[in-house]
Amino acid sequence: MNNLIEKLYEKRNLNDNEFFEILKSTTYDNNLRLLANKKRLEIYDNFVYIRGLIEISNYCKNNCFYCGIRSSNKNVDRYHLNKTDILKCCHEGYKLGFRTFVLQGGEDVFYTDEILIDIISEIRNNFMDCAITLSLGERTYESYKKLYQAGANRYLLRHETANSLHYNQLHPKNMKLSNRQEALFNLKKIGFQVGSGMMVGSPYQRLEYIVEDLRFLQKLQPDMIGIGPYLTHKDTPFKNFENGDMNLTLKLISILRLMFPYSLIPSTTALGTIHPKGRELGLQAGGNVVMPNLSPSNVRSKYELYNNKVYSGSEAAESIAKLKKVVHDAGYEIIVARGDVKKSR
Ligand code: SF4
(Lines give C-alpha, C1' and ligand atoms only; values in the text may rest on other atoms or scores of the structure.)
Protein backbone atom coordinates (compact mmCIF):
# COMPACT_ATOMS: atom_id res chain seq x y z
CA MET A 1 0.00 0.00 0.00
CA ASN A 2 2.77 2.44 0.92
CA ASN A 3 4.33 2.04 -2.53
CA LEU A 4 1.06 3.03 -4.16
CA ILE A 5 0.65 6.05 -1.93
CA GLU A 6 4.24 7.20 -2.61
CA LYS A 7 3.62 6.71 -6.32
CA LEU A 8 0.45 8.79 -6.17
CA TYR A 9 2.35 11.53 -4.32
CA GLU A 10 5.09 11.57 -7.00
CA LYS A 11 3.05 11.04 -10.17
CA ARG A 12 -0.36 12.47 -9.19
CA ASN A 13 -1.87 9.45 -10.88
CA LEU A 14 -2.28 5.67 -10.68
CA ASN A 15 -3.82 3.08 -12.95
CA ASP A 16 -7.40 1.95 -12.34
CA ASN A 17 -6.40 -1.20 -10.47
CA GLU A 18 -4.09 0.73 -8.20
CA PHE A 19 -6.79 3.27 -7.33
CA PHE A 20 -9.14 0.38 -6.66
CA GLU A 21 -6.59 -1.21 -4.30
CA ILE A 22 -6.40 1.94 -2.18
CA LEU A 23 -10.16 2.43 -2.16
CA LYS A 24 -11.04 -1.13 -1.19
CA SER A 25 -8.77 -1.22 1.85
CA THR A 26 -10.98 -0.77 4.89
CA THR A 27 -8.49 1.47 6.67
CA TYR A 28 -7.58 5.09 6.05
CA ASP A 29 -3.81 4.86 5.82
CA ASN A 30 -1.99 7.40 7.99
CA ASN A 31 0.74 7.79 5.40
CA LEU A 32 -1.87 8.83 2.82
CA ARG A 33 -3.15 11.50 5.20
CA LEU A 34 0.36 12.74 6.01
CA LEU A 35 1.41 13.00 2.37
CA ALA A 36 -1.83 14.76 1.40
CA ASN A 37 -1.28 17.23 4.22
CA LYS A 38 2.34 17.74 3.14
CA LYS A 39 1.18 18.51 -0.41
CA ARG A 40 -1.41 20.96 0.81
CA LEU A 41 1.16 22.76 3.01
CA GLU A 42 3.54 23.04 0.02
CA ILE A 43 0.94 24.85 -2.04
CA TYR A 44 -1.54 26.50 0.29
CA ASP A 45 0.46 26.67 3.51
CA ASN A 46 -1.75 26.02 6.53
CA PHE A 47 -4.34 28.54 5.33
CA VAL A 48 -8.04 27.78 5.33
CA TYR A 49 -10.31 29.88 3.15
CA ILE A 50 -13.79 30.67 4.35
CA ARG A 51 -16.82 31.02 2.08
CA GLY A 52 -20.07 32.55 3.26
CA LEU A 53 -22.84 30.21 2.18
CA ILE A 54 -26.16 31.90 1.40
CA GLU A 55 -28.90 29.38 0.69
CA ILE A 56 -31.07 31.55 -1.52
CA SER A 57 -33.86 29.10 -2.31
CA ASN A 58 -35.13 25.65 -1.39
CA TYR A 59 -37.45 25.46 -4.40
CA CYS A 60 -36.28 23.02 -7.05
CA LYS A 61 -37.91 21.83 -10.24
CA ASN A 62 -35.92 18.57 -10.07
CA ASN A 63 -36.65 15.41 -8.21
CA CYS A 64 -33.27 13.78 -7.51
CA PHE A 65 -33.97 10.63 -5.52
CA TYR A 66 -31.49 11.46 -2.74
CA CYS A 67 -32.39 15.07 -2.05
CA GLY A 68 -34.53 16.44 0.78
CA ILE A 69 -35.71 19.49 -1.18
CA ARG A 70 -36.73 17.51 -4.29
CA SER A 71 -39.85 18.91 -5.94
CA SER A 72 -42.17 16.11 -4.85
CA ASN A 73 -41.38 16.48 -1.14
CA LYS A 74 -44.50 18.23 0.15
CA ASN A 75 -43.13 18.51 3.69
CA VAL A 76 -40.70 21.29 2.81
CA ASP A 77 -41.55 24.84 3.87
CA ARG A 78 -40.37 26.58 0.69
CA TYR A 79 -38.74 30.02 0.49
CA HIS A 80 -36.62 32.14 -1.78
CA LEU A 81 -34.61 35.16 -0.77
CA ASN A 82 -34.92 38.47 -2.59
CA LYS A 83 -32.14 40.89 -3.47
CA THR A 84 -32.48 42.83 -0.22
CA ASP A 85 -32.24 39.65 1.89
CA ILE A 86 -29.18 38.46 -0.03
CA LEU A 87 -27.39 41.81 0.11
CA LYS A 88 -28.01 41.95 3.86
CA CYS A 89 -26.31 38.55 4.25
CA CYS A 90 -23.34 39.81 2.20
CA HIS A 91 -22.97 42.95 4.33
CA GLU A 92 -23.02 40.89 7.50
CA GLY A 93 -20.59 38.39 6.00
CA TYR A 94 -18.19 41.09 4.90
CA LYS A 95 -18.02 42.49 8.44
CA LEU A 96 -17.22 38.99 9.71
CA GLY A 97 -14.30 38.65 7.27
CA PHE A 98 -15.84 36.77 4.36
CA ARG A 99 -14.47 37.62 0.91
CA THR A 100 -16.40 34.98 -1.01
CA PHE A 101 -20.17 34.69 -1.11
CA VAL A 102 -21.71 31.46 -2.33
CA LEU A 103 -25.29 31.77 -3.60
CA GLN A 104 -26.68 28.27 -3.48
CA GLY A 105 -30.15 26.99 -4.27
CA GLY A 106 -32.23 24.41 -6.05
CA GLU A 107 -33.08 24.85 -9.73
CA ASP A 108 -35.68 27.50 -8.96
CA VAL A 109 -37.49 28.96 -11.99
CA PHE A 110 -38.16 32.14 -9.98
CA TYR A 111 -34.53 33.16 -10.59
CA THR A 112 -34.65 34.21 -14.22
CA ASP A 113 -31.47 35.53 -15.81
CA GLU A 114 -32.74 39.08 -15.30
CA ILE A 115 -33.33 38.60 -11.58
CA LEU A 116 -29.96 36.94 -11.07
CA ILE A 117 -28.10 39.55 -13.12
CA ASP A 118 -29.64 42.26 -10.97
CA ILE A 119 -28.58 40.49 -7.74
CA ILE A 120 -25.07 39.62 -8.97
CA SER A 121 -24.41 43.14 -10.32
CA GLU A 122 -25.48 44.66 -7.03
CA ILE A 123 -23.16 42.37 -5.05
CA ARG A 124 -20.33 43.06 -7.50
CA ASN A 125 -20.78 46.85 -7.15
CA ASN A 126 -20.91 46.71 -3.38
CA PHE A 127 -18.11 44.21 -2.80
CA MET A 128 -15.45 44.76 -5.45
CA ASP A 129 -12.84 42.73 -3.56
CA CYS A 130 -15.03 39.65 -3.11
CA ALA A 131 -15.58 36.57 -5.22
CA ILE A 132 -19.13 35.61 -6.13
CA THR A 133 -19.75 31.89 -6.38
CA LEU A 134 -22.96 30.43 -7.75
CA SER A 135 -24.35 26.98 -7.12
CA LEU A 136 -27.70 27.01 -8.89
CA GLY A 137 -27.67 23.88 -10.99
CA GLU A 138 -27.89 23.36 -14.72
CA ARG A 139 -28.62 26.38 -16.94
CA THR A 140 -27.97 27.08 -20.60
CA TYR A 141 -24.62 28.26 -21.96
CA GLU A 142 -26.15 31.67 -22.69
CA SER A 143 -27.51 31.97 -19.17
CA TYR A 144 -24.16 31.06 -17.58
CA LYS A 145 -22.46 33.59 -19.83
CA LYS A 146 -24.77 36.40 -18.73
CA LEU A 147 -24.20 35.56 -15.07
CA TYR A 148 -20.45 35.58 -15.61
CA GLN A 149 -20.63 38.92 -17.39
CA ALA A 150 -22.69 40.31 -14.52
CA GLY A 151 -19.76 39.63 -12.19
CA ALA A 152 -19.96 36.04 -10.94
CA ASN A 153 -16.55 34.33 -10.77
CA ARG A 154 -17.07 30.75 -9.72
CA TYR A 155 -19.64 28.02 -10.17
CA LEU A 156 -20.17 24.83 -8.18
CA LEU A 157 -21.97 21.96 -9.87
CA ARG A 158 -21.32 18.46 -8.61
CA HIS A 159 -21.33 15.81 -11.29
CA GLU A 160 -22.46 13.34 -8.54
CA THR A 161 -21.34 10.25 -10.47
CA ALA A 162 -19.52 9.79 -13.75
CA ASN A 163 -21.13 6.42 -14.44
CA SER A 164 -24.30 6.80 -16.51
CA LEU A 165 -26.02 3.69 -15.11
CA HIS A 166 -25.41 5.01 -11.62
CA TYR A 167 -26.52 8.53 -12.62
CA ASN A 168 -29.82 7.05 -13.79
CA GLN A 169 -30.23 5.22 -10.49
CA LEU A 170 -29.90 8.50 -8.60
CA HIS A 171 -31.99 10.73 -10.88
CA PRO A 172 -35.31 10.63 -12.69
CA LYS A 173 -35.40 9.96 -16.43
CA ASN A 174 -35.47 13.60 -17.51
CA MET A 175 -32.02 14.21 -15.99
CA LYS A 176 -29.00 13.12 -18.00
CA LEU A 177 -25.36 12.73 -17.05
CA SER A 178 -24.38 14.12 -20.47
CA ASN A 179 -26.23 17.38 -19.73
CA ARG A 180 -24.50 17.72 -16.39
CA GLN A 181 -21.07 17.14 -17.90
CA GLU A 182 -21.77 19.50 -20.79
CA ALA A 183 -22.82 22.21 -18.33
CA LEU A 184 -19.51 21.80 -16.48
CA PHE A 185 -17.45 22.15 -19.65
CA ASN A 186 -19.56 25.16 -20.70
CA LEU A 187 -18.81 26.86 -17.40
CA LYS A 188 -15.09 26.29 -17.91
CA LYS A 189 -15.22 27.59 -21.45
CA ILE A 190 -16.92 30.79 -20.30
CA GLY A 191 -14.17 31.42 -17.76
CA PHE A 192 -15.68 30.48 -14.43
CA GLN A 193 -13.53 28.84 -11.79
CA VAL A 194 -15.40 25.56 -11.71
CA GLY A 195 -16.12 23.18 -8.86
CA SER A 196 -17.42 19.66 -9.18
CA GLY A 197 -17.52 16.52 -7.05
CA MET A 198 -19.64 13.65 -5.86
CA MET A 199 -21.35 12.05 -2.90
CA VAL A 200 -19.41 9.22 -1.28
CA GLY A 201 -21.43 6.12 -0.46
CA SER A 202 -24.53 7.13 -2.40
CA PRO A 203 -27.02 4.30 -3.04
CA TYR A 204 -25.79 1.77 -5.65
CA GLN A 205 -22.31 3.34 -5.78
CA ARG A 206 -19.48 0.87 -6.42
CA LEU A 207 -15.77 1.48 -5.93
CA GLU A 208 -15.29 1.09 -9.70
CA TYR A 209 -17.62 4.06 -10.19
CA ILE A 210 -15.46 6.16 -7.87
CA VAL A 211 -12.49 5.38 -10.09
CA GLU A 212 -14.59 6.66 -13.01
CA ASP A 213 -15.29 9.81 -10.98
CA LEU A 214 -11.55 10.36 -10.57
CA ARG A 215 -11.04 9.93 -14.33
CA PHE A 216 -13.81 12.40 -15.09
CA LEU A 217 -12.26 14.95 -12.73
CA GLN A 218 -8.93 14.48 -14.50
CA LYS A 219 -10.67 15.39 -17.75
CA LEU A 220 -12.45 18.37 -16.27
CA GLN A 221 -9.52 19.67 -14.21
CA PRO A 222 -11.79 21.56 -11.80
CA ASP A 223 -10.53 24.38 -9.59
CA MET A 224 -12.65 23.20 -6.67
CA ILE A 225 -13.68 19.68 -5.71
CA GLY A 226 -16.47 19.15 -3.19
CA ILE A 227 -17.15 15.71 -1.82
CA GLY A 228 -19.05 14.60 1.23
CA PRO A 229 -20.59 11.42 2.59
CA TYR A 230 -24.06 10.64 1.25
CA LEU A 231 -26.56 11.34 4.04
CA THR A 232 -30.13 10.13 3.95
CA HIS A 233 -33.29 12.20 4.16
CA LYS A 234 -36.48 10.63 5.50
CA ASP A 235 -38.71 12.12 2.79
CA THR A 236 -36.93 10.61 -0.19
CA PRO A 237 -37.15 7.27 -2.01
CA PHE A 238 -33.71 6.50 -0.54
CA LYS A 239 -34.83 6.90 3.07
CA ASN A 240 -33.86 3.32 3.96
CA PHE A 241 -30.30 3.50 2.64
CA GLU A 242 -27.32 3.79 4.97
CA ASN A 243 -25.28 6.97 5.23
CA GLY A 244 -21.95 7.06 3.40
CA ASP A 245 -18.73 6.18 5.18
CA MET A 246 -16.62 8.90 6.76
CA ASN A 247 -13.28 7.11 6.38
CA LEU A 248 -13.84 6.52 2.68
CA THR A 249 -14.67 10.22 2.30
CA LEU A 250 -11.50 11.26 4.14
CA LYS A 251 -9.45 8.83 2.10
CA LEU A 252 -10.85 10.34 -1.09
CA ILE A 253 -10.09 13.89 0.06
CA SER A 254 -6.46 12.81 0.48
CA ILE A 255 -6.41 11.10 -2.91
CA LEU A 256 -7.88 14.22 -4.53
CA ARG A 257 -5.32 16.46 -2.82
CA LEU A 258 -2.51 14.33 -4.27
CA MET A 259 -4.09 14.16 -7.74
CA PHE A 260 -5.08 17.85 -7.88
CA PRO A 261 -2.60 19.64 -5.60
CA TYR A 262 -3.81 23.10 -6.63
CA SER A 263 -7.50 22.48 -6.07
CA LEU A 264 -9.63 24.07 -3.40
CA ILE A 265 -11.27 21.28 -1.43
CA PRO A 266 -13.88 22.06 1.20
CA SER A 267 -14.21 20.17 4.40
CA THR A 268 -17.97 19.93 3.99
CA THR A 269 -20.94 20.39 6.29
CA ALA A 270 -21.88 16.77 5.52
CA LEU A 271 -18.61 15.69 7.16
CA GLY A 272 -19.38 17.93 10.14
CA THR A 273 -22.82 16.33 10.30
CA ILE A 274 -21.69 12.71 10.23
CA HIS A 275 -19.04 13.14 12.93
CA PRO A 276 -18.51 15.83 15.60
CA LYS A 277 -14.88 16.25 14.49
CA GLY A 278 -15.66 15.77 10.78
CA ARG A 279 -14.69 19.31 9.78
CA GLU A 280 -11.27 19.05 11.45
CA LEU A 281 -10.64 15.59 10.04
CA GLY A 282 -11.52 16.85 6.56
CA LEU A 283 -8.91 19.62 6.87
CA GLN A 284 -6.29 17.17 8.10
CA ALA A 285 -7.09 14.90 5.15
CA GLY A 286 -6.20 17.70 2.70
CA GLY A 287 -9.18 20.07 2.68
CA ASN A 288 -8.46 23.81 2.68
CA VAL A 289 -11.88 25.48 2.56
CA VAL A 290 -14.84 25.75 4.94
CA MET A 291 -18.23 27.18 4.10
CA PRO A 292 -20.09 28.40 7.18
CA ASN A 293 -23.74 29.30 6.85
CA LEU A 294 -24.54 32.98 6.26
CA SER A 295 -28.21 32.45 5.38
CA PRO A 296 -30.78 34.33 7.49
CA SER A 297 -31.28 32.26 10.65
CA ASN A 298 -35.04 31.84 10.06
CA VAL A 299 -34.48 29.83 6.85
CA ARG A 300 -31.49 27.69 7.82
CA SER A 301 -33.50 24.72 9.02
CA LYS A 302 -35.57 24.77 5.81
CA TYR A 303 -32.64 24.06 3.52
CA GLU A 304 -32.31 20.43 4.46
CA LEU A 305 -30.80 18.31 1.68
CA TYR A 306 -30.32 15.54 4.27
CA ASN A 307 -31.52 15.07 7.84
CA ASN A 308 -29.76 16.43 10.94
CA LYS A 309 -27.74 18.97 8.96
CA VAL A 310 -25.69 21.10 11.33
CA TYR A 311 -26.20 24.82 10.95
CA SER A 312 -25.37 26.21 14.38
CA GLY A 313 -22.20 26.52 16.45
CA SER A 314 -19.06 26.65 14.34
CA GLU A 315 -21.15 25.91 11.21
CA ALA A 316 -22.81 29.33 11.56
CA ALA A 317 -21.00 32.31 10.06
CA GLU A 318 -21.71 34.53 13.08
CA SER A 319 -19.77 32.06 15.24
CA ILE A 320 -16.62 32.71 13.27
CA ALA A 321 -14.52 33.05 16.44
CA LYS A 322 -15.53 29.52 17.41
CA LEU A 323 -14.71 28.22 13.94
CA LYS A 324 -11.32 29.95 14.01
CA LYS A 325 -10.50 28.14 17.21
CA VAL A 326 -11.64 24.77 15.85
CA VAL A 327 -9.51 25.28 12.74
CA HIS A 328 -6.55 26.54 14.78
CA ASP A 329 -6.73 23.54 17.12
CA ALA A 330 -6.68 21.27 14.06
CA GLY A 331 -3.38 22.91 12.98
CA TYR A 332 -4.56 25.50 10.44
CA GLU A 333 -5.44 29.20 10.21
CA ILE A 334 -8.46 30.92 8.72
CA ILE A 335 -7.43 33.93 6.67
CA VAL A 336 -9.36 36.88 5.28
CA ALA A 337 -8.88 36.51 1.52
CA ARG A 338 -10.79 35.73 -1.65
CA GLY A 339 -8.88 32.46 -1.81
CA ASP A 340 -8.75 31.98 -5.56
CA VAL A 341 -7.27 28.81 -6.99
CA LYS A 342 -3.49 28.94 -7.45
CA LYS A 343 -2.97 29.13 -11.17
CA SER A 344 0.05 26.94 -11.71
CA ARG A 345 -0.86 23.30 -12.29
S1 SF4 B 1 -29.95 17.71 -5.67
FE2 SF4 B 1 -30.08 19.79 -6.48
S3 SF4 B 1 -31.13 19.54 -8.46
FE4 SF4 B 1 -31.52 17.66 -7.31
S5 SF4 B 1 -33.49 18.01 -6.29
FE6 SF4 B 1 -31.86 18.63 -4.85
S7 SF4 B 1 -31.57 20.81 -5.15
FE8 SF4 B 1 -32.70 20.01 -6.92
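Hydrogens, waters and symmetry mates are skipped; everything else that's a heavy atom, side chains included, is used. Order of listing sets the numbers, starting from 1, for every ligand and every atom in it. Residue numbers count from 1 along this sequence.
Within the cation-pi definition used here (under 6.0 Å to the ring centroid, within 45° of the axis), Arg99 qualifies as a partner of Tyr94. Judged by the 6.0 Å and 45° rule, Lys176 forms no cation-pi pair with Tyr167.
Protein heavy atom at the shortest distance from atom 6 (Fe) of ligand 1 is Cys67 SG, 2.3 Å.
At least one protein heavy atom sits closer than 4.0 Å to atom 3 (S) of ligand 1.
Which parts of ligand 1 touch Gly106 is read off a 4.0 Å heavy-atom cut-off, strictly below it: atoms 7 (S). Contact atoms of ligand 1 toward Tyr66: 1 (S) (distance under 4.0 Å to a heavy atom of the residue). Each of the atoms 3 (S), 5 (S), 7 (S), 8 (Fe) of ligand 1 lies under 4.0 Å from some heavy atom of Cys60.
With 3.5 Å as the limit, one finds no donor-acceptor pair spanning the side chains of His166 and Gln205. For the residue pair Asn46 and Glu333, no side-chain donor N or O sits within less than 3.5 Å of a side-chain acceptor on the partner.
Between Thr236, Asn73, Leu136, Ile69, it is Ile69 that holds the heavy atom closest to atom 7 (S) of ligand 1.
Comment: Asp16 engages Arg215 in a salt bridge, judged by a side-chain N to carboxylate O separation of less than 4.0 angstrom. Salt-bridge annotation for Arg154 and Asp340: present, with a side-chain N of the basic residue lying under 4.0 Å from a carboxylate O of the acidic one.
In Cys64, the parts holding a heavy atom less than 4.0 Å from any atom of ligand 1 are both the side chain and the backbone.
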